Undergrad: 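Got a structure for you, questions after.
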Protein chains: 2
Amino acid sequence: MKHPNKHDLLVLLTEFENACRKADLKVTHQRLEIFRELAQAHDHPSAEMLYNRIIKRLPTISLDTVYRTLATLEKHGLITRVQTLESQARFEAEMIRHHHAVCRKCGAITDFSWNTFDEVQVPAELSGWGRITKRNAILEGICNDCVKGN
Amino acid sequence: MKHPNKHDLLVLLTEFENACRKADLKVTHQRLEIFRELAQAHDHPSAEMLYNRIIKRLPTISLDTVYRTLATLEKHGLITRVQTLESQARFEAEMIRHHHAVCRKCGAITDFSWNTFDEVQVPAELSGWGRITKRNAILEGICNDCVKGN
DNA sequence: TCATAAGTAGTAATAATTATTATTTACAGA
DNA sequence: TCTGTAAATAATAATTATTACTACTTATGA
């Protein structure tokens, strides 16, 4: 996943505004800034990381608002909460189907696409489980930086 | 994954004791009970859930010991911390390669095996990422109980 | 059996997240 | 454009999950 460029970001923000209106969510300055920051980020930030970045431009925003907004946006499917092994929750705005490689040393999360996995059939064992809405692969290991760093 | 029967459990516990000695971990009553409870469980319990179950048999155990022990056993690869979307960490003792289906309504985690996934080649995009040590599939959806429950 | 280092219980502290409440804001309708 | 109102926010307090500290206890090897 790459950073969105200036044009893409504008498109994303416009789409975001429309999605908010559709979901009966007021388009507040705070929500826009939080979404913008998350859409620009490439490191799956936590609520606290986002707060520390946003407060530079929006000095009165509260950490609570960041938490609340992330929860709201997640509920409406506008952002995603990323599964981690850490206690802090992390988020992403990338909605295109993708998967994660997680470094268990530094915690970095890298996005990648994996078509062959996307197309593998779910095992018969699960046919009676329920309704599956999403599938994700998580690869764990040590990223190059951490391998070298040793 | 099925419950281990009485015989399997004994084998597991013996293996556990050996693994502890190998790792220079003292074989304490508490560690045995925590591992036993986790090995018998089929619901990927949290530290608190385990504590509530164990305290019935071992009334003096502390929650801190459960947390500390789980962290120790995880560090030595004797148990696994399961990735979830919740804030509470959850654990499992199952060491055979398997994957998880998670109900996003009730949070239940179901184990399943998926050989075709295990054998799919990792995408070229990731060849420079680092050293991959583990791969997991996570399916998300609504389990049958929750579908019916509506 | 005994020494000792590791482990535990009990308690206190910290980190992450959520709730409460008074104030402010977005936005639909006049 | 102005205004009323429900929704959202900021500030603060409270909870929840986890970890740290300390004095006591126990597993293990000599």
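In the text below, chain A, chain B and the rest are named by the order of the sequence lines, each starting its count at 1. The structure presented is a predicted model; accordingly, all values stated were derived computationally and were not measured.
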Undergrad: Quickly work out the B:Ile55 CD1 to C:dT8 P distance and round it to whole Å.
TA: 15 Å

Undergrad: Please check this pair: side chain of B:Ser113 against backbone of B:His98, looking for a donor-acceptor N/O pair closer than 3.5 Å.
TA: no

Undergrad: Between B:His44 and B:Arg90, what is the shortest heavy-atom contact and its length?
TA: O-NE, 2.7 Å

Undergrad: Going 5' to 3' along nucleotides 14-30 of chain D, which nucleotides have protein heavy atoms under 4.0 Å from the base (write B), which only from the sugar-phosphate (write S), and which from neither (write -)?
TA: ---SBBB------BS--

Undergrad: If you measure from OG1 on B:Thr65 to CD1 on B:Ile34, what distance do you get to the nearest 0.5 Å?
TA: 6.5 Å

Undergrad: Looking at A:Arg31 and A:Leu73, would you say the former's side chain and the latter's main chain have a donor-acceptor pair under 3.5 Å?
TA: no

Undergrad: In whole Å, what is the span from the NE2 atom of A:His76 to the C1' atom of D:dA8?
TA: 13 Å

Undergrad: Side chains of B:Thr116 and B:Trp114 only: does a donor on one sit below 3.5 Å from an acceptor on the other?
TA: yes

Undergrad: Whole angstrom is fine here: how far is it from CD1 in A:Ile61 over to C1' in D:dA8?
TA: 11 Å

Undergrad: For the pair made of CG in A:Leu70 and P in D:dA8, what is the distance, rounded to whole Å?
TA: 15 Å

Undergrad: Donor-acceptor check, side chain of B:Asn144 to backbone of A:Gly128, threshold 3.5 angstrom: yes or no?
TA: yes

Undergrad: Tell me the interatomic distance from B:Ile54, atom CD1, to C:dT8, atom C1', rounded to whole angstroms.
TA: 14 Å

Undergrad: Can you see if the side chain of B:Thr65 gets near the phosphate of C:dT8 - specifically, an N or O under 4.0 Å from OP1 or OP2?
TA: no

Undergrad: Using atom CG of B:Leu73 as one end and atom C1' of C:dA6 as the other, report the distance to the nearest whole Å.
TA: 15 Å

